[in-house]
There are 2 protein chains.
Amino acid sequence: MPRPTKQTPERGSARQRLLEAARDVIRAKGFAATSVDELCTAAGVTKGAFFHHFASKEALGIAAAEFWGSSTGALFAGAPYHTPADPLDRVLAYLDFRRLLIGGETWEWTCLVGTMAEEVHQTHPDIARACGEAIFGHAATLEADIALAMAQHGIRAPSAASLARHTQAVLQGAFVLAKAGGGAEAGQEALDHLKRYVELLFGKGES
Amino acid sequence: MPRPTKQTPERGSARQRLLEAARDVIRAKGFAATSVDELCTAAGVTKGAFFHHFASKEALGIAAAEFWGSSTGALFAGAPYHTPADPLDRVLAYLDFRRLLIGGETWEWTCLVGTMAEEVHQTHPDIARACGEAIFGHAATLEADIALAMAQHGIRAPSAASLARHTQAVLQGAFVLAKAGGGAEAGQEALDHLKRYVELLFGKGES
DNA sequence: GTGATAATACCGACCGGATGGTACGGTTCC
DNA sequence: GGAACCGTACCATCCGGTCGGTATTATCAC
């Protein structure tokens, strides 16, 4: 099916496949080390198609970050960690869920936008901005539950937004250590510490 | 002083300056986006000198990681956080010291080996290995104090090595968030959470 | 329905410059 | 003199990006 109905150009196969290829290849090799030709080969399209859909390689980077934000956003929105009635349990379930996601090859469970942001923050500020929106946007989805849990436990110490951001910091750091040789164990270990921090913060064990 | 005494070839100015240039330029632009010519210009040497001292760009990356490990190792060994008599105070002083280091341009206070490891872990495994040794080697320097503090407080929960690694995970994650738009505040915020975690873990406030 | 028209999606050869790396010659030090 | 050190010119390849062209599809008058 080379050219499906053009009623929805945004769902055109070439663009979609390029974004999916970018998600996987850039996650493994980094942005600068990934060539446009490589992306085209991985997506099964030609260079003409690439530059038809994206004005430049940088534009693809931005689009890839947004694509990552929306696709992971859908994944987490539909994840089962929202079901517990107690807000603190939902937060802890989120951490368990993130821990569960670790497995397989490193590039399969690490973060595209974290990798890209660290690499291109100076050379391609627009890409870094898009990456930042994805990261902090995801962090924001955790704020409500954290705020509820804090209110319920009478805690005012660190703000809900700050704690939400911290979960992402620990996750990103876990990815770095994993890539530096720590592997999946390093990732799980960091999640364990983070969960313990949250439990201590909320006085786990007391009523 | 273009060519100092050659009794100590390792201290030769060209090699040294290339490593210093690599430390700064790669930290800001990433490994793949930094060209050999650029490095030579920044170091004030020619390409001939570069390939005389390093067999390839990858070899320079490995040497830069080792150089980072030894120079930061010296910095931390001589830092003032070792002075407190109580081991837990030394650990907390280390975290304060790390927080104090944050300031100026992002590339000035972020980590070369973390950036490189994340970028090249798949394309240049040897560089990633050298980066990992620098990170986990630094983590190991914290183990003794953490182990002492744990013994003193009767804590056995997470191992000293694991907690030491976790400090590095949080730091690396802080760098990522900072580059993603959080800036220095994101870095300091993460350090604050980490310090709070350690304090909670060791029952700060109790005897 | 049909034919004309325009727009979209895609193809692939090509270009100029940058890139990592080499060859080789000269210089300085012991 | 010989080895380490460094400078310069050069090379093959790769890279991001362009461009003319084609095929498919949407629009619409009739």
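First the proteins, then the strands, lettered A, B, ... as listed; each starts at 1. Values below: all heavy atoms of this structure, side chains included; hydrogens, waters and symmetry mates excluded.
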Note to self: H82(A) vs Y94(A), test: ring pair (Phe, Tyr, Trp, His ring centres under 6.0 Å). Steps then yes/no.
What the structure shows: CA-CA 8 Å; H82(A) 301 286; Y94(A) 166 75; 8.5 Å; no
Check: Taking 4.0 angstrom as the limit, do D126(B) and R129(B) come out as a salt bridge?
Finding: yes
Next item on the list: Indicate for each nucleotide in nucleotides 16-24 of chain C, in 5' to 3' sequence, whether protein heavy atoms under 4.0 Å reach the base (B), only the sugar-phosphate (S), or nothing (-).
Entry: ---SBBB--
Next item on the list: Establish, with yes or no, whether the OP1 or OP2 oxygen of dC5(D) is under 4.0 angstrom from a side-chain nitrogen or oxygen of H52(B).
Entry: yes
Checklist line | dC6(D) OP1/OP2 closer than 4.0 Å to side-chain N/O of H53(B) | finding: yes
To the nearest Å, how far apart are [X] [atom1] and [N] [atom2]?
X	N	atom1	atom2	result
L18(A)	dC10(C)	CG	P	9 Å
Q16(B)	dC6(D)	CD	C1'	17 Å
L39(A)	dC10(C)	CG	C1'	17 Å

Any donor-acceptor pair under 3.5 Å linking the side chain of [X] with the backbone of [Y]?
X	Y	result
R27(B)	W107(B)	yes
T41(B)	D37(B)	yes
R90(A)	A85(A)	yes

Item checked: From L101(A), T141(A), L142(A), residue fulfilling side-chain contact (heavy atoms from CB on, under 4.5 Å) relative to F76(A) -> L101(A)
Checklist line | K57(B) to F31(B) six-membered ring, cation-pi geometry met (6.0 Å, 45°) | finding: yes
Please tabulate, one pair per line, all N/O donor-acceptor pairs under 3.5 Å involving side-chain atoms of residues 61-70 of chain B, not counting sequence neighbours.
residue, atom, partner, partner atom, Å
S70(B), OG, E66(B), O, 3.4
S70(B), OG, F67(B), O, 3.1

Notebook entry, point to check: If an axis is fit to five pairs at each end of the helix from dG1(C)-dC30(D) to dC30(C)-dG1(D), what is the angle between the two, to the nearest 10°?
Noted result: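 The end axes of the helix from dG1(C)-dC30(D) to dC30(C)-dG1(D) are about 20° apart, to the nearest 10°.
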